[in-house]
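Have a look at this one before I ask anything.
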Amino acid sequence: MPDQYAVIGNPIHHSLSPQIHAAFAQQTGQDMAYQAVLGALDGFAEAVAAFRRAGGRGMNITVPFKLEAFQLADELSPRAERAGAVNTFRFQQQKIFGDNTDGAGLVNDVQQNLGFSIQGKAVLIMGAGGAAHGVLPALIDHGPASIMIANRSPDKAMALANSYKNQADVRGGDYASLGGHRFDLIINATSSSLHDALPPLPPRLFAPGALAYDMMYGKGLTPFLAFAEANQAQSLADGLGMLVEQAAEAFYLWRGLRPQTRSVIENLRKK
Ligand code: NDP
């Protein structure tokens, strides 16, 4: 039987991860199978245990379980520990090893695929959930001038910012506090696009040369990217590149091989 892997989330029907890992496995000649698992909102730990019992070797974790996955892991990579969120499990004999590949995925996409340097830039992150937790350490490591975190529930943004206060200029607040500020890199790490919604953003948010990045991906522009286009952001990107890059990091953790990502991103775009 091929080695078994899965992605777990709720909802999960939109996930491209099975296609991405199938492409990586084919490219590198690995005998593995990868499926999507719908986790009940109150049944994450049970679903993970059931997959392990059935012989699973590893899992990716997506919305809304990344913070719960952090709690469930027995051992953590340093980047998962710093992030306080887990998006990848590797099942070991008796233990669950938790890692977080979202930050590396975002930074690889922004810097290598899109050619945008984070160094010295004013960064805005919208959202303070699992994805925002996951990408903050990697963003900080690439030397931005400042990071602002805005969230519908501002207390979560402030708590998240506070946990990095000794590492960089990181602040948290609500969307109203963004008025009068300009940013070079604006990342939508909320799940608002999943519901076809947009957080209440002031229009003059984009500095000259700004990149608007929506972690969500799909057909056409998300509400955030449509807003960015209408408000003079210079470049727009959806999260497909990040998805493939974070998957490549997870694949490396599981299989010890680094797959090529560009052709996989291009093929998914064509579809
Ligand atoms: P979580 O459920 O952990 O967090 C959701 C966040 O979105 C919270 O900050 C929440 O605010 C906010 N939010 C939800 N709905 C709205 C709304 N209508 N208006 C404003 N804010 C809203 O999700 P994740 O952090 O795990 O994921 C966030 C998004 O990032 C998802 O769309 C996911 O698909 C995407 N993602 C993409 C990746 C990729 O590789 N491309 C990787 C990781 C994530 P509040 O705290 O107030 O509830």
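For ligands, and for the atoms within them, numbers begin at 1 and follow the listed sequence. This one's a predicted model, so the numbers in the text were calculated from it and none came from an experiment. Positions are given from 1 along the sequence.
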Number the atoms of ligand 1 from 1 as they appear, then name those within less than 4.0 Å of a heavy atom of G239, with their elements.
39 (C), 41 (N)

Considering all heavy atoms, the nearest F44-F65 contact
CD1-CG, 3.4 Å

For ligand 1, is any non-hydrogen atom under 4.0 Å from T190's backbone (N, CA, C, O), its side chain (CB onward), both, or neither?
both

For K156, the ligand 1 atoms whose distance to one of its heavy atoms is below 4.0 Å:
45 (P), 46 (O), 48 (O)

Tell me the protein heavy atom at minimum distance from atom 47 (O) of ligand 1, and give that distance in Å.
S153 OG, 2.5 Å

For the residue pair Y34 and H21, does the interplanar ring angle fall in the parallel (under 30°), tilted (30 to 60°) or perpendicular (over 60°) class?
parallel

Of all heavy-atom pairs linking H133 and P137, the shortest is O-CD, 3.3 Å

Among all protein heavy atoms in this structure, tell me which lies nearest to atom 4 (O) of ligand 1, with the distance rounded to 0.1 Å.
G129 CA, 3.5 Å

Quiz item: cation-pi between R57 and F91, 6.0 Å / 45°
no

Counting only nitrogen or oxygen atoms and a 3.5 angstrom limit, does R152 reach ligand 1?
yes

Which protein non-hydrogen atom lies closest to atom 25 (O) of ligand 1, naming both residue and atom, and how far is it?
A131 N, 2.7 Å

Just to check, does S193 reach to within less than 4.0 Å of ligand 1 when the distance is taken from its heavy atoms?
no

So, do R152 and T190 sit near enough that their side-chain heavy atoms are less than 4.5 Å apart?
no

Check this for me: Q167, atom CD, are more than 12 non-hydrogen atoms of other residues, nucleotides or ligands nearer than 6.0 Å?
yes

Please work out whether any backbone atom (N, CA, C, O) or any side-chain heavy atom from C-beta onward of D102 is under 4.0 Å from ligand 1, and answer side chain, backbone, both or neither.
side chain

With Y164 as reference, evaluate L136, D169, L139, I147 under the side-chain contact (heavy atoms from CB on, under 4.5 Å) test and give the passing residue.
L136

Would you call D99 and R79 a salt bridge, taking side-chain N to carboxylate O under 4.0 Å as the test?
yes

May I ask you to identify, for M242, whether its side chain, its backbone, both or neither come under 4.0 Å of ligand 1 on a heavy-atom basis?
both

Please could you name the atoms of ligand 1 that A128 approaches to less than 4.0 Å, counting only its heavy atoms?
9 (O)

Tell me whether the guanidinium CZ or amine NZ of K121 lies under 6.0 angstrom from the six-membered ring centre of F183 and within 45° of its axis.
no

Contact atoms of ligand 1, heavy-atom distance to G127 under 4.0 Å
9 (O)

Give yes or no for whether the N/O distance cutoff of 3.5 Å, strictly under, is met between L240 and ligand 1.
no

Would you say OH of Y175 has more than 12 non-hydrogen atoms from neighbouring residues, nucleotides or ligands within 6.0 angstrom?
yes

List the closest protein heavy-atom neighbour of atom 30 (O) of ligand 1: residue, atom name, distance to the nearest 0.1 Å.
M215 CB, 3.7 Å

Which protein heavy atom lies closest to atom 3 (O) of ligand 1, and at what distance to 0.1 Å?
G130 N, 2.9 Å

Looking only at protein heavy atoms, which one is nearest to atom 7 (O) of ligand 1, and how far off is it?
S191 N, 3.0 Å

Tell me if the CZ atom of R182 is crowded by more than 12 foreign heavy atoms within 6.0 Å.
yes

Answer yes or no: does an N/O atom from P199 fall short of 3.5 Å to an N/O atom of ligand 1?
no

the protein heavy atom lying closest to atom 33 (C) of ligand 1 turns out to be V63 CG2, 3.5 Å

Working to the nearest 0.5 Å, report the span between CG of L257 and OH of Y252.
9.0 Å

Say whether G105 and ligand 1 are in contact under the criterion: heavy-atom distance to a ligand atom below 4.0 Å.
no

Within reach of ligand 1, part of K66 (heavy-atom separation under 4.0 Å)
side chain

For residues A33 and P2, report the shortest heavy-atom separation together with the two atoms involved.
N-CB, 3.9 Å

To the nearest 0.1 Å, how far is atom 8 (C) of ligand 1 from its closest protein heavy atom, and which atom is that?
N151 OD1, 3.9 Å

